[in-house]
2 protein chains.
Amino acid sequence: MKVVRQTRQRQAVLEVLRSTRTHPDAAWVFQEVRRAMPNISLGTVYRSLDALASEGVVMVIERAGERARYDYRHEDHHHVVCRGCGAIFDVPPSLTPPLPSDLPSGFRVTEVVLEYHGLCEKCQQEH
Amino acid sequence: MKVVRQTRQRQAVLEVLRSTRTHPDAAWVFQEVRRAMPNISLGTVYRSLDALASEGVVMVIERAGERARYDYRHEDHHHVVCRGCGAIFDVPPSLTPPLPSDLPSGFRVTEVVLEYHGLCEKCQQEH
DNA sequence: GTGGATGCAAAGGATTTGCACCATT
DNA sequence: AATGGTGCAAATCCTTTGCATCCAC
């Protein structure tokens with residue numbers, strides 16, 4: 001049976017994610033981890049992030065055409081995304097919308113995606 | 001001032017989109033358009049789709065790691081996405097969730113993304 | 001005629017993967 | 001010792017772009 005090993009690289013990646021409240025992308029994590037571990041490779045950072053995500057330790061925020069962002073926060077929350085600068089803000093969950101009354105026959109919903117897109121204060125001013 | 005030209009290529013791309021109720025990707029549109037216009041290029045299909053999208057004539061459904069899908073339907077609706085086979089179903093809009101009470105200061109929301117992800121009947125059976 | 005649009009092919013860029021070597025268990 | 005993980009670099013894959021030519025206006 002497959003055992004997940006506790007490597008120095010994975011510990012370092014997790015430590016970086018824990019250390020920030022932003023929602024960094026893999027390149028930023030890579031750059032930060034390199035300060036403590038100069039030989040780590042970008043591929044390993046991606047693999048570590050994947051592993052942490054599938055263990056459910058970190059959350060992945062994926063937007064088409066944008067780099068994936070990683071979020072260590074565990075509390076239930078939604079994301080507010082600025083489409084100008086790409087900043088992602090956390091907001092407490094409001095209500096969970098009810099499921100549509102007429103889902104396709106037999107469809108089982110496992111995740112409701114609710115995001116708010118728009119422009120942050122700064123990006124509004126720049127136009 | 002910039003004039004948007006009505007080219008045969010754009011008409012053909014729009015015609016293909018109108019002809020289906022699925023949510024095709026660019027490659028499928030390309031393949032279909034080629035039947036009527038064998039010399040059209042994939043680049044032109046992308047440019048036409050972009051143009052139609054920014055005119056608001058078609059809707060783009062983007063999911064990270066997946067090909068973009070294009071949707072001609074104009075009625076207000078939400079999408080139900082099967083994470084097994086990638087099928088996208090339309091459902092009538094339920095209620096619009098209220099905005100969070102504590103948005104970041106000055107943030108202006110322009111779009112609320114509400115999607116239901118899960119497994120369609122067929123993909124459940126295959127596991 | 002003029003400038004936006006096209007076709008072709010090459011470039012782009014985030015992420016993934018093959019492989020030989022390394023290190024945790 | 002076994003086998004999962006790492007580093008490196010090459011490969012992927014959808015999408016975008018540069019450029020010479022074309023054609024809608």
Side-chain angles (χ1 to χ4, degrees), chain A residues 1-17 22-55 57-71 81 83 85-86 88, chain B residues 1-17 23-55 57-71 81 83 86 88:
Chain A
M1 159 180 187
K2 176 161 179 170
V3 178
V4 177
R5 292 185 183 170
Q6 181 82 345
T7 63
R8 294 180 310 125
Q9 286 84 345
R10 278 184 195 166
Q11 290 171 19
V13 167
L14 179 55
E15 201 45 52
V16 165
L17 279 174
T22 64
H23 304 77
D25 58 28
W28 188 89
V29 173
F30 176 53
Q31 160 195 310
E32 290 300 304
V33 175
R34 278 212 140 178
R35 309 212 304 211
M37 191 177 283
N39 287 321
I40 196 173
S41 71
L42 182 56
T44 293
V45 169
Y46 273 106
R47 283 183 286 226
S48 299
L49 291 169
D50 277 357
L52 291 167
S54 56
E55 291 167 28
V57 177
V58 304
M59 178 180 179
V60 189
I61 310 165
E62 297 186 302
R63 284 210 302 153
E66 304 290 322
R67 286 163 283 188
R69 312 278 285 265
Y70 299 86
D71 187 359
V81 181
R83 66 158 198 269
C85 61
I88 296 177
Chain B
M1 157 175 187
K2 176 160 180 171
V3 177
V4 176
R5 291 185 184 170
Q6 182 82 344
T7 63
R8 292 179 313 123
Q9 286 86 343
R10 278 184 194 166
Q11 289 170 19
V13 167
L14 179 55
E15 202 44 53
V16 165
L17 279 174
H23 304 76
D25 60 27
W28 187 89
V29 174
F30 176 52
Q31 161 197 309
E32 290 300 304
V33 175
R34 276 211 143 178
R35 309 212 307 211
M37 191 177 284
N39 287 322
I40 195 173
S41 70
L42 181 56
T44 293
V45 170
Y46 273 107
R47 281 182 286 228
S48 298
L49 290 170
D50 276 357
L52 291 167
S54 57
E55 290 167 27
V57 176
V58 303
M59 179 179 176
V60 189
I61 310 166
E62 297 184 302
R63 282 212 303 153
E66 306 291 321
R67 284 164 282 186
R69 312 276 288 265
Y70 299 86
D71 187 0
V81 181
R83 66 156 198 269
I88 296 176

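Naming: A, B, ... by sequence-line order, numbering from 1 per chain. Just so you know, these numbers use all the heavy atoms, side chains as well, and skip hydrogens, waters and symmetry mates. Just so we're clear, the structure is a prediction, and the values are computed from it rather than from any experiment.
Taking both residues in full, the closest heavy atoms of B:F30 and B:S41 are given as CE1-C, 3.6 Å, listed atom of the first, atom of the second, then distance. The two residues B:V33 and B:V13 make their nearest non-hydrogen contact at CG2-CA, 4.0 Å.
The side chain of A:T44 lies closest to D:dG7 when the candidates are D:dG7, C:dG7, C:dT25.
As rounded to whole Å, 17 Å separates atom P of C:dG4 from atom CG of B:D50. Taking atom CE of residue A:M37 and atom P of nucleotide C:dA23, one finds them 12 Å apart after rounding to whole Å. Rounded to an integer number of Å, the gap from CD of A:Q6 to C1' of D:dG4 is 14 Å. The distance between atom CZ of A:R67 and atom P of C:dT15, rounded to the nearest whole Å, is 8 Å. Between the P atom of C:dA14 and the CG atom of A:L49 lies a distance of 15 Å, rounded to the nearest Å. Rounded to whole angstrom, the span from the CG atom of A:L42 across to the P atom of D:dA9 amounts to 12 Å. In this structure, A:F30 atom CZ and D:dC8 atom C1' are separated by 11 Å, rounded to whole Å. Rounding to whole angstrom units, CD of residue B:Q11 and P of D:dC23 are separated by 15 Å.
Residues B:S48 and B:T44 have side chains in contact (heavy-atom distance under 4.5 Å, counting atoms from C-beta outward).
If you take CG on B:L17 and CE on B:M59, they are separated by 13.5 Å, rounding to the nearest 0.5 Å. Between B:I61 atom CD1 and B:E66 atom CD the span is 12.0 Å, to the nearest 0.5 Å.
Nucleotides of DNA chain C nearest to A:R47 and A:A27 differ in position, and the one nearer the 5' end is that of A:A27. Annotation: of the two residues near DNA chain D, B:A26 and B:T7, the 5′-most nearest-nucleotide partner is B:A26. Residues B:V4 and B:D25 both approach DNA chain D. Their nearest nucleotides, taken by heavy-atom distance, put B:D25 toward the 5′ side. Take the nearest nucleotide of DNA chain C for B:Q9 and for B:G43: the residue whose nucleotide is more 5' is B:Q9.
Note on B:Y46: a side-chain N or O is less than 4.0 Å away from OP1 or OP2 of D:dT15.
When heavy atoms are screened at a 4.0 angstrom cut-off, B:R5 is found touching base atoms of the nucleic acid.
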